[in-house]
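Working notes, beginning with the structure itself.
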Protein chains: 2
Amino acid sequence: MKKKLTIRDIANMAGVSHMTVSRVLNDDSRVSSETRARVLSVVRAHNFTPNPKARAFSSNKSRIIGLLVSDISNPFYAELARGMEEKAHEYDYNIMFCSELSVDKEQEALNFLLKAGVDGLVFASVRLNDSRIERLIKESFPLVLVNRELPGHACDHVVCNNRKGARILMKHLFGLGYQRIAIITGSSDLSTGLQRLEGYHSSLREKGIAIKADYIVQGAFDRETGYNGTRRFINLDERPQAIFAGNDYIAMGVLDALDEAGLTVPGDIAVVGFDNTHFAAHRRINLTTVSQRQYEMGAIGVDILIHSIEQAKTDYQHHVVLEPLLIIRESCGHRLQAAH
Amino acid sequence: MKKKLTIRDIANMAGVSHMTVSRVLNDDSRVSSETRARVLSVVRAHNFTPNPKARAFSSNKSRIIGLLVSDISNPFYAELARGMEEKAHEYDYNIMFCSELSVDKEQEALNFLLKAGVDGLVFASVRLNDSRIERLIKESFPLVLVNRELPGHACDHVVCNNRKGARILMKHLFGLGYQRIAIITGSSDLSTGLQRLEGYHSSLREKGIAIKADYIVQGAFDRETGYNGTRRFINLDERPQAIFAGNDYIAMGVLDALDEAGLTVPGDIAVVGFDNTHFAAHRRINLTTVSQRQYEMGAIGVDILIHSIEQAKTDYQHHVVLEPLLIIRESCGHRLQAAH
DNA sequence: CTGTTAGCGCGTTCAC
DNA sequence: GTGAACGCGCTAACAG
């Protein structure tokens, strides 16, 4: 394995100083085009690439973006990661991820990324202790929140309009004649959980439908919560006509419980989800849901982040709100014959 | 934002030289325990962590493992990534990923990781031009292939016994009375595609069942291939009793086509998949399949890789073969009443 | 436009 | 067991 070349070697071969090589490699304008061409030909002839470690050390920039998620194997985050990656590569950055599951204490996950010397961070995880974020903000560390907000703190973020997403789904259900609509969603501690519930509330209010506590279940954003919540609804005297699941995972649990109880969808009861993850699309699931456009979320988040990093001014003034996209499938059926 | 401390600052505060601090931080034994304690107390008091960029530069080790996949949002790879991450963090390494989708030319994806200065690579992607791998092997670059092999080249790899997995599924089908079994799988250019097909062939041969060309479809490992292949089978004079899908994605397409044609599973036709991805578990899919244990694959791959990196001897002698795990669900039903 | 010089913060080497 | 001097390959600052 032949020894790795340095810019000095290239400089010698091209008959220039190593700084000229450095300038050429960094697209510095102050190099004559002939010199540039000569240097580049040597660079290409030897397939030279500058030592990334030296570069990072010297410039104090790693060109790495840290992605903090609760679990990279969750399809929502994985798609987010894809969007981030695409954009990052455009700017010649790389993505390093860390799942909070993979280190004992959640907070350690953040430290892992920080210790690695990332230039900026995307927080897609919602489980993180906020005081850590506050500290980063105080140090004006480049930072973008994705799929969550931090009430009371200015911080760049990219979110989906969760409230609107909920309202879109509710409107869709109303339009089909459904009135008795129950909801199963995640905790109001999370901005996503809170806002989707708000959308549900405000839609009912506008429609003049009383809000029934019996029709509201809050738990985790998982299948089990969907299953248990649905069991509860099924046993109600006045069973809901439709169930609004706070995300697709919950919707999975809803379908489980409904199938088990011999109830058909949408015949006996309609279901909507949230997120438009892969399985919602499957023919046997066929879930009407709303897309948060996680791929774009990731791409936009990285774009903002890289600009903060490169302009060395992180003013935390970027607040992007994506419009949710209604995806109509078969889980709500067509118009109900008669309003009850 | 207060200036970042260096080991020299710590050294001053502790009244020692920066080298002593360096030794303490690197667990070098040649430091008296009192000195060590004093240094550590200062380190902890200031929450000091050595500059990772300087460290990487100086040691020429980034403590980053590159993960090359065809698409990180594919759940198979995402779970692999989780397993890798868990193990990497144990050793204080980080994971940087790159999807081949995200750069124009597939080969660029590898360069992206290499340019970033990763210490080693996990190739989980199957689409890569093999000549690139050969070159890395020649340079004895730390490298582990996961979920694929490279025929004709010694290279560390961790794979599932695909042939055995196929045989397990076939045996399961035979045991239930199925004899006319068709297969839809990926290209034989991939070791996975080839070996699963081999398992299919050898099982039939042993059972003394003739291999019918009509019952074999090879394409991509995707849903469309499953759909199209199934349409073909449905129209056959002698329709197969069971379809062996080369992976769960293909199985999805199989189910699509079957549902569309009004055929029930397993009533009219049985289906098995491969991979045990999340959706296979869903009640409405309920696919009997085989797990490749991708999480363990990732963890084992990283373990091997880190040992290669740290021992600076990459002999490429590690070949781990994981035993596939049969996951029985409902897509094959119970014993057939009569053999045809 | 180009070159010279001086670090960046660590680890390595060799003294003591 | 400890410390001083040096160098890793690059970029930044200034000089020409």
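Numbered from 1 within each chain, the chains take letters A, B, ... in sequence-line order.
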Quiz item: Atom CD1 of A:I10 to atom C1' of D:dC10: distance rounded to whole Å?
Solution: 14 Å
Quiz item: Is the base of D:dT11 touched by the side chain of A:H18 through a donor-acceptor pair closer than 3.5 angstrom?
Solution: yes
Practice problem: Please determine if B:R293 and B:E79 form a salt bridge, counting it only when a charged side-chain N lies under 4.0 Å from a carboxylate O. | Solution: no
Quiz prompt | A:F57 aromatic ring stacked with six-membered ring of D:dC10, 5.5 Å and 30° | solution = no
Quiz prompt | Distance in angstrom units between A:N60 CG and C:dG7 P, rounded | solution = 17 Å
Quiz item: Does B:R23 get its side chain close enough to the base of D:dG3, under 3.5 Å, for a donor-acceptor pair?
Solution: yes
Practice problem: Using whole Å, report how far CE of A:M19 lies from P of D:dG16. | Solution: 17 Å
Quiz item: side chain to side chain contact (heavy atoms under 4.5 Å, CB included) with B:S41: which residues, sequence neighbours excluded?
Solution: none
Practice problem: Could you tell me whether B:N26 contacts a base, only the sugar-phosphate backbone, or nothing, with contacts defined as non-hydrogen atoms closer than 4.0 Å? | Solution: sugar-phosphate
Self-check item: Close residues, residues 48-55 of chain A, relative to DNA chain D [heavy-atom separation under 4.0 Å]
Solution: A:F48, A:P50, A:N51, A:A54, A:R55
Quiz item: Roughly how bent is the helix from C:dC1-D:dG16 to C:dC16-D:dG1 end to end, in steps of 10 degrees, with each end axis from five pairs?
Solution: 30°
Self-check item: Between D:dG9 (C1') and A:L25 (CG): distance, integer Å
Solution: 12 Å
Exercise. Would you mind telling me which of D:dG1, D:dC10, C:dG3 lies closest to the side-chain atoms of A:V16?
Key: C:dG3
Quiz item: Expressed in angstrom and rounded to an integer, what is the separation of B:I7 atom CD1 from D:dA5 atom C1'?
Solution: 14 Å
Quiz prompt | Residues B:R82 and B:E85 bridged, charged N to O under 4.0 Å | solution = yes
Quiz item: With a 4.5 Å limit on heavy-atom distance, are the side chains of A:F141 and A:L114 in contact?
Solution: yes
Exercise. Just compare C:dG11, D:dT11, C:dT2 and give me whichever is closest to any side-chain atom of B:S58.
Key: C:dG11
Exercise. Given side chain to side chain contact (heavy atoms under 4.5 Å, CB included), test A:H307 with A:D156 step by step and report yes or no.
Key: CA-CA 12 Å; A:H307 280 91; A:D156 289 348; over 6 Å; no
Self-check item: First of A:V31 and A:R8 reached from the 5' end of DNA chain C, by closest nucleotide
Solution: A:V31
Self-check item: B:M84 side chain near A:I72 side chain, heavy-atom distance below 4.5 Å
Solution: no
Quiz item: Is the shortest side-chain N to carboxylate O distance from B:K87 to B:E296 below 4.0 Å?
Solution: no
Exercise. Determine the minimum heavy-atom distance between A:L68 and A:A109, stating which atoms define it.
Key: CD1-CB, 3.6 Å
Quiz item: What is the distance, rounded to the nearest whole Å, between atom NZ of A:K61 and atom C1' of D:dT11?
Solution: 12 Å
Practice problem: For D:dG1, take OP1 and OP2 only and decide whether either is under 4.0 Å from a side-chain N or O of B:T20. | Solution: no
Exercise. Return yes if some donor-acceptor pair links the side-chain N/O of A:H319 with the main-chain N/O of A:C155 below 3.5 Å, else return no.
Key: yes
Exercise. Might you point out which heavy atoms bring A:M96 and A:A116 nearest each other, and give the distance in Å?
Key: SD-CB, 3.7 Å
Exercise. Figure out the CG/C1' separation between A:L5 and D:dC8, and round it to whole Å.
Key: 15 Å
Quiz item: So does B:S17 get a side-chain nitrogen or oxygen closer than 4.0 Å to the phosphate oxygens (OP1/OP2) of D:dA4?
Solution: no
Exercise. Nearest whole angstrom, please: distance from the C1' of C:dC1 to the CZ of A:R36.
Key: 11 Å
Quiz item: Between B:S32 and D:dT2, is there a side-chain N or O to OP1/OP2 distance below 4.0 Å?
Solution: yes
